[in-house]
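A quick write-up on the structure given underneath.
Below, chain A is the first sequence line, B the second, and so on; all start at residue 1.
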Protein chains: 2
Amino acid sequence: MYDQQQIHQEVKQWFRQVRPRILEGRERGLDIENKTSRLDLVTNIDKETEKFYRQKIAESFPGSSVLGEEGSKDDINNAPGLFWVIDPIDGTMNFVKQGASFASMIAVYYQQKPLLGYIYDVVHDHLYWGGHGLGVYCDDKQLPVPENTALKDGLLGVNGPMLMSNYRNLQEVVKQSAGARIYGSAGIEYIHVLKGKCVGYLSHLSPWDYAAGSILAESLNLSVKTIDGKTLDVVSSGDVLVATDKAYNQISSLMAAE
Amino acid sequence: MYDQQQIHQEVKQWFRQVRPRILEGRERGLDIENKTSRLDLVTNIDKETEKFYRQKIAESFPGSSVLGEEGSKDDINNAPGLFWVIDPIDGTMNFVKQGASFASMIAVYYQQKPLLGYIYDVVHDHLYWGGHGLGVYCDDKQLPVPENTALKDGLLGVNGPMLMSNYRNLQEVVKQSAGARIYGSAGIEYIHVLKGKCVGYLSHLSPWDYAAGSILAESLNLSVKTIDGKTLDVVSSGDVLVATDKAYNQISSLMAAE
């Protein structure tokens with residue numbers, strides 16, 4: 001059995017250690033490769049940061065299973081003990097083009113149950129962390145549970161291509177909100193929802209994009225599921241909607257399959 | 001005749017003075033009204049901040065003409081001396097919903113010629129300022145002239161409704177870029193372009209939205225005109241495109257009227 005606080009004392013150090021590697025690494029110049037398309041980038045810093053986390057996990061928590069964006073992909077359903085989901089740099093396009101608005105994320109599960117989530121806003125040096133029964137913190141300060149705001153009263157974070165193609169009526173959803181925002185990093189978008197700065201966020205995401213943020217969102221009583229109300233399985237990519245309960249229900253209804 | 005530095009020494013103090021009024025005013029609770037629609041907001045802080053700037057202008061630069069978002073609207077063509085354009089809170093929706101990602105902006109003209117531009121990122125306490133012959137500064141640090149990046153290599157700031165309606169082929173423009181971003185404040189979008197974090201920004205704007213940013217953009221050799229290449233007249237609302245030269249030409253060509 002693992003203790004949340006014991007794991008947290010270890011993991012929070014890792015973020016402090018990766019920050020200079022990430023920021024100074026970018027200053028030195030990046031090796032950038034395309035993965036599936038010219039808009040899907042990976043850099044040497046993505047790879048080195050994931051390798052760093054994997055080494056730390058192996059040293060401190062031997063026997064763990066790991067699913068990482070840039071490395072081997074274990075299956076949570078075959079993980080007897082600790083299971084880690086790593087997104088070393090979330091928002092790599094922002095990292096490359098802006099040197100800002102990106103995050104580094106880790107999610108921790110034990111026996112298939114969410115234990116801890118971490119979104120690290122690297123540039124601003126703020127660590128958002130928490131888990132079931134703990135609540136959510138920004139560094140040492142606990143975040144209040146966001147108000148259960150209705151769609152019409154909140155800004156909605158969205159995925160650009162889904163907005164342009166009017167995916168499942170998304171444009172109507174935006175028209176009923178207070179406006180769309182596109183920040184280009186799932187981690188940064190989740191932070192906006194956790195802090196009540198956006199009423200929700202909708203995008204097509206992979207497990208490493210949604211795992212950490214979803215653990216935090218659930219700890220703040222936000223709804224986080226597929227558009228059709230299915231639980232996220234930490235195995236599949238899919239359409240993820242995180243929102244206040246009110247906004248979740250309104251959006252899900254507006255986007256319901258015909 | 002007015003000296004840029006003499007005006008600057010005065011104006012920069014005004015931003016330091018409005019910061020606590022804006023941030024503490026929001027903490028105390030806002031009076032919010034709709035202007036033209038439920039998405040076009042004005043608060044007591046917008047009005048009080050504009051009033052503050054107008055008082056300071058009248059005291060320090062008597063005989064000035066002023067065009068402000070929330071007050072009287074003088075015409076630059078009938079302004080014999082100093083002409084001021086004020087946007088007390090740019091991105092009022094962000095101000096109300098997020099308490100972040102908004103700006104306070106002032107543009108100064110003398111005998112119809114641009115003299116100084118100011119975009120103040122209130123939350124981060126950074127003042128972007130400059131003018132023709134001065135260059136552009138963030139606080140005391142001069143910004144380099146951004147690289148002349150091509151559209152395909154940069155992120156593009158856009159207006160949400162224009163993106164959704166595919167205004168003049170905008171979706172194709174975004175597809176040829178490295179991606180769309182929506183931040184919800186013209187001032188914040190201009191800052192991204194000035195710093196080279198976005199290759200351009202396109203929106204339908206009023207003079208108070210574009211005046212200050214455009215003075216700064218021109219000082220960094222960026223292109224800032226209507227989509228059809230017309231000069232901004234500081235009188236009309238219209239479609240404003242600020243971008244690197246390369247991206248400006250590519251976007252303008254993709255959006256050319258049939």
Please identify, among B/Lys152, B/Gln98, B/Lys97, the residue contributing the most non-hydrogen atom pairs under 4.5 Å to chain A.
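It is B/Gln98.
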Give the member of B/Arg38, B/His192, B/Lys195 that has the highest number of heavy-atom pairs under 4.5 Å with chain A.
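When all of B/Arg38, B/His192, B/Lys195 are compared, B/Arg38 has the most.
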Contacts with chain B made by residues 236-252 of chain A (heavy-atom distance under 4.5 Å), listed by residue number:
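Within residues 236-252 of chain A, no residue comes under 4.5 Å of chain B, counting heavy atoms only.
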Heavy-atom distances under 4.5 Å only: say whether [X] touches chain A with side chain, backbone, both or neither.
X        : answer
B/Asp153 : both
B/Ser37  : neither
B/Lys175 : both

Residue list, side-chain hydrogen bond (donor to acceptor under 3.5 Å, both in side chains) with A/Glu33, at least two apart or on another chain
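Residues passing side-chain hydrogen bond (donor to acceptor under 3.5 Å, both in side chains) with A/Glu33: A/Lys47.
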I'd like to check the side-chain hydrogen bond (donor to acceptor under 3.5 Å, both in side chains) partners of B/Glu50; sequence neighbours left out, ordered by chain and number.
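For B/Glu50 the side-chain hydrogen bond (donor to acceptor under 3.5 Å, both in side chains) partners, ignoring immediate neighbours, are B/Arg54.
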When only pairs under 4.5 Å are counted, which of A/Cys198, A/Gly99, A/Gly160, A/Gly184 shares the most heavy-atom pairs with chain B?
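Of the candidates given, the most pairs with chain B belong to A/Gly184.
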If you tally heavy-atom pairs under 4.5 Å against chain B, which of A/Thr149, A/Val199, A/Asn94, A/Val174 wins?
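Result: the option with the highest number of such pairs is A/Asn94.
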Considering residues at least two apart in sequence or located in another chain, which fulfil the ring-ring contact (aromatic ring centres under 6.0 Å, His included) criterion with B/Trp129?
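With neighbours one apart ignored, the set is B/His8, B/Tyr137.
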Count the heavy atoms of every other residue, nucleotide or ligand shown that sit under 6.0 Å from CD of B/Gln142, and state whether that count exceeds 12.
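It does: B/Gln142 CD has more than 12 such atoms within range.
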What's the spacing between B/Ile182 CD1 and A/Leu155 CG if we round to 0.5 Å?
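It comes to 11.0 Å.
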Could you state the interatomic distance from OG (B/Ser177) to CG (A/Leu39), rounded to the nearest 0.5 Å?
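Rounded to the nearest 0.5 Å, the OG-CG separation comes to 7.5 Å.
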Minimum heavy-atom distance between B/Met93 and A/Ala178, given as atom pair plus value
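Nearest pair, atom of B/Met93 first, then A/Ala178: CE-O, 3.7 Å.
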Show the nearest heavy-atom pair for residues A/Arg181 and B/Tyr183, with the distance to one decimal.
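That would be NE-O, 3.6 Å.
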For A/Met164 and B/Glu172, run side-chain contact (heavy atoms from CB on, under 4.5 Å): C-alpha distance rounded to whole Å, both residues' side-chain angles, the deciding distance at 0.1 Å, then the answer.
CA-CA 10 Å; A/Met164 290 201 288; B/Glu172 180 58 29; over 6 Å; no
